[in-house]
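In what follows, every chain begins at residue 1, and chains take the letters A, B, ... in the order their sequences are listed. Note that the coordinates shown come from a computational prediction; the quantities given were computed from them, not determined experimentally.
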Amino acid sequence: MLTVMLPDGSRREYESSVSAYDVATEIGPGLAKAAVVAEVDGAMIDLHAPLPSAGEVQLRLLTKRDRAALDVLRHSCAHVMAQAVMRLYEGVQLAFGPYTETGFYYDMALEKPLSEEDFPKIEAEMKKIVKENERYERLEMPRKEALELCREMGQKFKVEHIETGLAEFETLSFYRQGEFLDLCRGRHVPSTRFIGKGFKLLSLAGAYWKGDASNQQLQRLYATVFFDKKELKEHLHRLEEAKRRDHRVLGKKHNLFDFDEQVGAGLVLWKPKGAVVRQELQNFIAEHLQRQGYGQVFTPHIGKLELYRTSGHFPYYQESQFPPLVGRDQMKKLADEGCSCGDLANMLSEGEIEGYLLKPMNCPHHIRIYASEKRSYRDLPVRLAEFGTVYRWEQSGELGGLSRVRSFTQDDAHLFVTEDQLSDEIDQCLDLVKIVLNTLGMDDYRVRVGLRDPNSDKYVGEADQWDRAEAACRKAAEGMGVDFTAEEGEAAFYGPKIDFVVRDVIGREWQLGTVQVDYQLPQRFELEYTGADNQTHRPVMVHRAPFGSMERFVGVLIEHFAAAFPLWLAPEQLRLLTVSEKSETYGKEVEQRLREEGFRIEADYRGQKLGAKIREAQLDLIPYMLVVGEKDAENGTVTVRDRIEGDLGAMPLEAAIVKLKQEVTDKTVRQVGGSRNDGDQNS
RNA sequence: GCUGCUGUAGCUCAGUGGUAGAGCACUUCCUUGGUAAGGAAGAGGUCAUGAGUUCAAGUCUCAUCAGCAGCUCCA
């Protein structure tokens with residue numbers, strides 16, 4: 001006898017074999033119709049699969065309101081998509097077809113590659129399959145039979161997967177709907193009818209078999225599905241909305257930065273308006289560095305290869321660096337000797353000839369500053385900060401907007417501390433990151449503690465030092481009072497780290513602020529200090545950058561504010577608008593006064609109607625407009641218009657200055673509440 | 001780096017192998033208007049670059065450069 005416990009606490013008993021669907025039918029035909037899949041003792045099971053014949057189980061029936069049911073639907077839809085493709089095209093080899101956070105994909109190899117022009121045809125075929133309402137039928141068989149079956153079907157990826165990834169499984173499952181049969185763990189909706197009309201093919205991309213770049217590249221067909229068409233429409237609408245916040249689009253529209261083919265890929269040109277944002281952020285950090293006892297330094301953009309041989313950056317990370325700069329005389333000599341590029345690379349690696357490197361990191365330079373003086377424990381911590389520009393040869397396919405560039409400026413600092421000071425110093429660094437994020441109202445981030453991957457050999461240093469450093473990071477993260485995840489394989493090659501990770505508008509994650517603990521570089525550079533015991537000791541290093549890089553941070557910030565910056569960051573804080581050309585003289589007086597007070601102000605004296613000037617200023621996302629007309633000239637007032645609130649009325653110029661200055665000092669972040677004043681009503 | 005797509009005016013984009021187009025922006029003139037678009041005229045192009053096919057190429061082919069999506073990578 002089987003006892004079924006339901007989430008509401010009720011229980012039902014069955015003598016004969018039943019499925020979750022049978023139970024649902026008994027409870028009510030409405031539930032039976034709405035049920036998509038079931039959960040038995042926490043494990044997903046097909047609705048029509050038989051429940052155990054005896055004992056007691058917890059049963060939960062999932063409907064389209066459950067997120068887990070949506071994942072199942074998407075997985076089922078992936079099968080339908082594969083089925084459609086196989087009906088339409090020859091020689092389709094299927095790889096994997098899972099659901100994702102927002103949809104699903106199927107990786108496959110075809111004789112003739114698909115293009116987006118094929119989408120309507122595939123979608124039409126999928127509609128047909130949905131209408132055919134084929135049942136998803138689960139088949140289980142021993143691995144030998146499964147292997148044989150996949151061989152017969154000519155599905156070489158499935159064969160390989162059974163032989164490698166699924167080597168430990170004795171029994172394998174397949175799902176069949178209509179003529180389509182696929183190796184699959186499940187689960188699925190009962191039949192294709194459940195998929196409905198809320199699906200859409202989205203894009204086509206390349207993907208490597210099993211995610212390995214040395215394997216064959218497949219075609220990945222991206223799509224999504226929702227339980228109803230309305231949800232699909234909303235999803236597509238959200239994607240469109242996100243595109244409007246894209247920093248690459250807004251950066252161009254508002255003249256913040258640019259890229260230029262002639263300058264080179266991944267090399268940012270900061271235009272005056274973008275430079276203001278970056279400079280204000282730097283000033284903001286610099287103020288906190290001063291408070292926290294940092295010393296500001298400047299170092300060159302290049303350094304000898306010897307420096308990076310010592311640090312370990314060269315030749316091991318050569319492929320992500322710009323190639324070394326070799327002296328002219330040396331190049332000539334080598335050329336005369338008939339030396340090949342390969343020979344040159346070898347000689348550089350071996351240190352037989354010297355060269356310079358565009359710096360990929362600032363740490364070695366800062367280390368040499370530390371080493372330039374005899375240090376006592378009384379000097380520690382030594383905190384060296386620099387907005388240091390570094391150069392990395394990112395793969396061409398990785399470049400994108402401000403998020404991934406080949407030259408970027410880190411708000412970098414290196415702390416040289418005693419073992420005893422380490423914990424407090426890490427805390428102080430984390431505080432700084434939190435101050436930055438709080439000030440800007442960015443609360444949508446996650447914290448990641450990056451630990452070494454025990455199976456990799458890319459790390460340098462002793463295991464016990466790593467253990468201590470990792471423990472210090474964990475402890476610091478715990479002390480922050482926010483959720484964090486510890487992730488193996490996310491450490492730097494010299495030590496573990498604590499990263500602040502945010503998402504951009506298209507859902508990609510970016511590491512911003514970072515704090516890293518390092519026992520290795522002090523050792524490689526043989527750094528020392530004299531302790532209270534008059535013995536020589538080795539300092540520990542902390543690398544930290546609250547923004548990460550100015551480029552990436554500004555990129556994220558543009559998307560965060562949709563380019564409508566708070567007053568203290570706005571490239572153009574104020575715009576003065578004259579009601580008519582009669583007020584130009586008074587306008588110039590007011591403009592000059594505000595400029596002297598330190599505001600970034602522009603004025604619009606054109607013979608246009610006020611309404612037109614206001615509209616332009618709104619679309620340009622100017623925080624405050626100062627309207628001056630003949631009445632203002634008489635009374636010595638300005639009529640303030642807030643980008644968000646609208647007309648605030650006339651006030652004496654001096655009163656406006658006080659108000660605006662206060663908002664700048666407070667770094668106030670004011671979010672748009674209304675619906676029509678975020679400047680993109682027209683786009 | 002790999003796969004696919006894209007590159008036309010400052011911006012967003014039309015353009016059938018046969019004389020280069022629109023909207024916005026810009027310039028000039030008219031309008032002097034108090035809180036989201038006043039009117040008229042004008043200027044603006046090596047169709048990314050280089051080769052090829054063709055009587056003829058923005059359009060077809062190839063290469064290069066750059067961008068986009070995804071994959072791989074990110075000290």
Closest listed nucleotide, where the reference is the side chain of K609(A) and the choices are rG33(B), rG34(B), rC11(B): rG33(B)
rA51(B) - base-pair partner by Watson-Crick or wobble geometry, distances under 3.5 Å: rU61(B)
Ionic contact status for D518(A) with K497(A), cut-off 4.0 Å: no
Donor-acceptor pair under 3.5 Å, Y208(A) side chain vs rG1(B) base: yes
Rounded interatomic separation in angstrom, taking CZ from R406(A) and C1' from rC74(B): 13 Å
Value in whole Å for how far the P atom of rC71(B) lies from CG of L202(A): 14 Å
rA20(B) pairs with, by Watson-Crick or G-U criteria that keep both distances under 3.5 Å: none
Polar side-chain contact R552(A)-rC74(B) base: donor and acceptor under 3.5 Å: no
Nucleotide rU6(B), atom P - distance to CG of L204(A) in whole Å: 12 Å
Side-chain N,O (Q511(A)) to OP1/OP2 (rC74(B)) below 4.0 Å: no
Residue of the set F500(A), W510(A), F484(A), F553(A) for which ring-ring contact (aromatic ring centres under 6.0 Å, His included) holds with Y445(A): F500(A)
Shortest side-chain distance from K497(A), nucleotide among rA36(B), rC71(B), rA75(B): rA75(B)
Rounded P spacing from rA43(B) to rU31(B) in Å: 23 Å
Atom CD of E319(A): over 12 foreign heavy atoms under 6.0 Å: yes
Sugar-phosphate only, base, or nothing, as touched by R641(A) at under 4.0 Å among non-hydrogen atoms: base
Sugar-phosphate, base or nothing in reach of L399(A), heavy atoms under 4.0 Å: sugar-phosphate
Sugar-phosphate only, base, or nothing, as touched by G211(A) at under 4.0 Å among non-hydrogen atoms: sugar-phosphate
Gap in Å between the two C1' atoms, one belonging to rG21(B) and one to rU16(B), rounded: 15 Å
Q516(A) versus Y494(A), side-chain donor and acceptor atoms under 3.5 Å: yes
Sugar-phosphate only, base, or nothing, as touched by G611(A) at under 4.0 Å among non-hydrogen atoms: sugar-phosphate
Strand partner of rA66(B), provided both Watson-Crick or wobble distances fall under 3.5 Å: rU6(B)
Sub-4.0 Å heavy-atom contacts from residues 93-115 of chain A onto RNA chain B, ordered by number: none
Below 4.0 Å: OP1/OP2 of rG1(B) and any side-chain N or O of S396(A): yes
Shortest side-chain distance from Y222(A), nucleotide among rC71(B), rU35(B), rG33(B): rC71(B)
Under 3.5 Å on both distances, the Watson-Crick or G-U partner of rA37(B): none
Atom C1', compared across rU32(B) and rG39(B): separation rounded to whole Å: 14 Å
Pair E487(A) + R446(A): basic N to acidic O under 4.0 Å: yes
Salt-bridge present (R248(A), D246(A); N to O < 4.0 Å): yes
Check: rC74(B) base within 3.5 Å donor-acceptor of R392(A) side chain: no
Comparing A491(A) and T578(A) on RNA chain B - which has the more 5′ nearest nucleotide: T578(A)
Candidates rC71(B), rG38(B), rA36(B) - which lies nearest the side chain of R615(A): rA36(B)
Sugar-phosphate only, base, or nothing, as touched by K613(A) at under 4.0 Å among non-hydrogen atoms: nothing
Shortest side-chain distance from E581(A), nucleotide among rG34(B), rU32(B), rG38(B): rU32(B)
Interatomic distance where CZ belongs to R606(A) and P belongs to rG33(B) [whole Å]: 17 Å
Spacing between L239(A) atom CG and rC68(B) atom C1', to the nearest angstrom: 15 Å
Exercise: do Q465(A) and Q523(A) side chains pair donor with acceptor under 3.5 Å: yes
5' precedence on RNA chain B between A213(A) and K252(A) (nearest-nucleotide basis): K252(A)
Sugar-phosphate, base or nothing in reach of E319(A), heavy atoms under 4.0 Å: nothing
Pairing nucleotide - rG45(B), Watson-Crick or G-U, each distance under 3.5 Å: none
K582(A) side chain near rG33(B) phosphate (N/O to OP1/OP2, under 4.0 Å): yes
Interatomic distance where CD belongs to Q216(A) and P belongs to rG4(B) [whole Å]: 13 Å
Sugar-phosphate only, base, or nothing, as touched by G489(A) at under 4.0 Å among non-hydrogen atoms: nothing
For K156(A), all residues meeting salt bridge (Lys or Arg N to Asp or Glu O under 4.0 Å), sequence neighbours excluded: none
Nucleotide nearest E261(A) when distance is taken to its side chain, options rA75(B), rA36(B), rG7(B): rG7(B)
Sidechain N-carboxylate O distance under 4.0 Å for E306(A), R309(A): yes
Sugar-phosphate, base or nothing in reach of D632(A), heavy atoms under 4.0 Å: base
Electrostatic pair R448(A)-E509(A), nearest N-O below 4.0 angstrom: no
Per R220(A) side chain, nearest of listed nucleotides rU32(B), rG34(B), rG70(B): rG70(B)
Separation of the P atoms in rA57(B) and rA51(B), to the nearest angstrom: 13 Å
Salt-bridge contact E616(A)-K613(A) (side-chain N to carboxylate O under 4.0 Å): no
rA75(B) pyrimidine/purine six-ring stacking with F493(A), under 5.5 Å and 30°: no
Whole-Å gap separating P (rA66(B)) and CG (D258(A)): 15 Å
Touch class at under 4.0 angstrom, heavy-atom based, for Y494(A) against every strand present: sugar-phosphate
Same-atom distance (C1') from rG58(B) to rA14(B), integer angstrom: 12 Å
Nucleotide nearest Q618(A) when distance is taken to its side chain, options rA36(B), rC26(B), rU32(B): rA36(B)
Closest to the Y317(A) side chain, choosing from rU12(B), rG33(B), rA75(B): rA75(B)
Side-chain N,O (R248(A)) to OP1/OP2 (rG67(B)) below 4.0 Å: no
Distance between P atoms of rU19(B) and rU59(B) (Å, rounded): 14 Å
Of the listed nucleotides rU31(B), rA36(B), rA75(B), the one nearest the side chain of I614(A): rA36(B)
Flag if over 12 foreign heavy atoms under 6.0 Å of OH, Y356(A): no
Donor/acceptor link under 3.5 angstrom from S203(A) side chain onto base of rG70(B): no
